[in-house]
Amino acid sequence: MERILGLDIGDKTIGIAVSDLLHFTAQGITTIRRTNEGEDFKKLKAIIDEYDAKKIVVGLPINMNGSIGFQGEKTMELAEKIEKKFNIEVIYEDERLSTVAAERMLISGDVRRDKRKKLIDKVAATYILQTYLDRAGRAL
């Protein structure tokens, strides 16, 4: 069984998480500090290859009213480029409250504010992927 990557795509960073082989749990692995598309894709390709990922779950920022705004469109545009460039399946997962949940989790774990800033994207990617895995596991 292959692994699934989870991405939390932002303007400055991409948080990345990976599933275990049985698709039960998600674990945050890194955050890519975005520079340019070529460099970002090179780093992402290395991670896809390292974990032999065959699927990517991308957090889609949906407005609270259910519509897709400017940020959601930018995320989808990049996700479509990733899908084509790496010939990998991309699935969108509603990420409306993922950053809020990640922030709460880090606060409850007594993580200092300066450390939270460094971890938030990776934790949000983990939350996005875990939400997908939980939902997919119930569908079986």
Visitor: Evaluate the side chain to side chain contact (heavy atoms under 4.5 Å, CB included) criterion for residues K42 and K45: first the C-alpha distance (whole Å), next the side-chain angles of each, then the deciding distance (0.1 Å), finally the verdict.
Guide: CA-CA 5 Å; K42 194 186 302 182; K45 173 76 170 127; 5.8 Å; no

Visitor: Is D52 reaching over with its side chain to a backbone N or O of E2, donor-acceptor style, under 3.5 angstrom?
Guide: no

Visitor: Rounded to the nearest 0.5 Å, what separation is found between the CG atom of D8 and the OH atom of Y127?
Guide: 12.5 Å

Visitor: About how many Å separate CD1 of I128 and CD of E93, when rounded to the nearest 0.5 Å?
Guide: 8.0 Å

Visitor: Can you tell me how far apart NZ (K54) and CD1 (I88) are? Round to the nearest 0.5 Å.
Guide: 7.5 Å

Visitor: Taking all heavy atoms of I32 and all of L44, pick out the closest pair and write down the distance.
Guide: CD1-N, 4.0 Å

Visitor: Could you go through T131 and D94, starting from their C-alpha distance and side-chain angles, then the distance that decides it, and tell me whether this counts as side chain to side chain contact (heavy atoms under 4.5 Å, CB included)?
Guide: CA-CA 9 Å; T131 301; D94 182 349; over 6 Å; no

Visitor: Would you give the length of the straight line joining atom NZ of K12 to atom CZ of R33, rounded to the nearest 0.5 angstrom?
Guide: 8.5 Å

Visitor: Run the ring-ring contact (aromatic ring centres under 6.0 Å, His included) test against F86 and tell me which residues pass, sequence neighbours left out.
Guide: F41

Visitor: Donor-acceptor check, side chain of D40 to backbone of T35, threshold 3.5 angstrom: yes or no?
Guide: yes

Visitor: Can a donor-acceptor pair be found, under 3.5 Å and without considering hydrogens, that links the side chain of D20 to the backbone of H23?
Guide: yes

Visitor: Please examine the side chains of L78 and E37, heavy atoms only from C-beta on, and report whether any two atoms are closer than 4.5 Å.
Guide: yes

Visitor: Using modelled atom types only, decide if a donor and an acceptor are shared between the side chain of R3 and the backbone of S19 within a distance under 3.5 Å.
Guide: yes

Visitor: Check whether any side-chain heavy atom of I4 lies under 4.5 Å from a side-chain heavy atom of I91, and answer yes or no.
Guide: no

Visitor: How about I68 and E73: do any of their side-chain heavy atoms sit closer than 4.5 Å?
Guide: yes

Visitor: Would you check, one step at a time, whether the test side chain to side chain contact (heavy atoms under 4.5 Å, CB included) holds for L7 with I82?
Guide: CA-CA 11 Å; L7 303 185; I82 290 168; 4.1 Å; yes

Visitor: Looking at R34 and I14, would you say the former's side chain and the latter's main chain have a donor-acceptor pair under 3.5 Å?
Guide: no

Visitor: Under 4.5 Å between side-chain heavy atoms, hopping through other hydrophobics if needed: is there a path connecting I62 to I9?
Guide: yes

Visitor: Closest approach of V58 and A79, non-hydrogen atoms and distance?
Guide: CG2-CB, 4.1 Å

Visitor: State whether K74 and D11 are salt-bridged, where the test is any N-O pair (Lys NZ or Arg NE/NH1/NH2 against Asp/Glu carboxylate O) under 4.0 Å.
Guide: yes

Visitor: Please step through side chain to side chain contact (heavy atoms under 4.5 Å, CB included) for the pair I48 and I56, ending with a clear verdict.
Guide: CA-CA 9 Å; I48 290 169; I56 296 178; 4.1 Å; yes

Visitor: If every non-hydrogen atom of A125 is compared with every non-hydrogen atom of G6, which pair is closest and at what distance?
Guide: CB-O, 3.7 Å

Visitor: State plainly whether one hydrophobic cluster holds both V123 and I47, where clusters connect Ile, Leu, Val, Met, Phe, Trp and Tyr through side-chain heavy atoms under 4.5 angstrom apart.
Guide: no

Visitor: N36 side chain to G38 main-chain N or O, any donor-acceptor pair under 3.5 Å?
Guide: yes

Visitor: Compute whether any side-chain donor of one residue and acceptor of the other, for T13 and D121, lie under 3.5 angstrom apart.
Guide: yes

Visitor: With rounding to the nearest 0.5 angstrom, report the CG to CD1 distance, L5 to I16.
Guide: 7.0 Å

Visitor: Say whether, by atom type as modelled, one donor and one acceptor occur between the side chain of Q130 and the main chain of A26 under 3.5 angstrom.
Guide: yes

Visitor: What's the separation between atom CD in Q27 and atom OH in Y51, rounded to the nearest 0.5 Å?
Guide: 7.0 Å

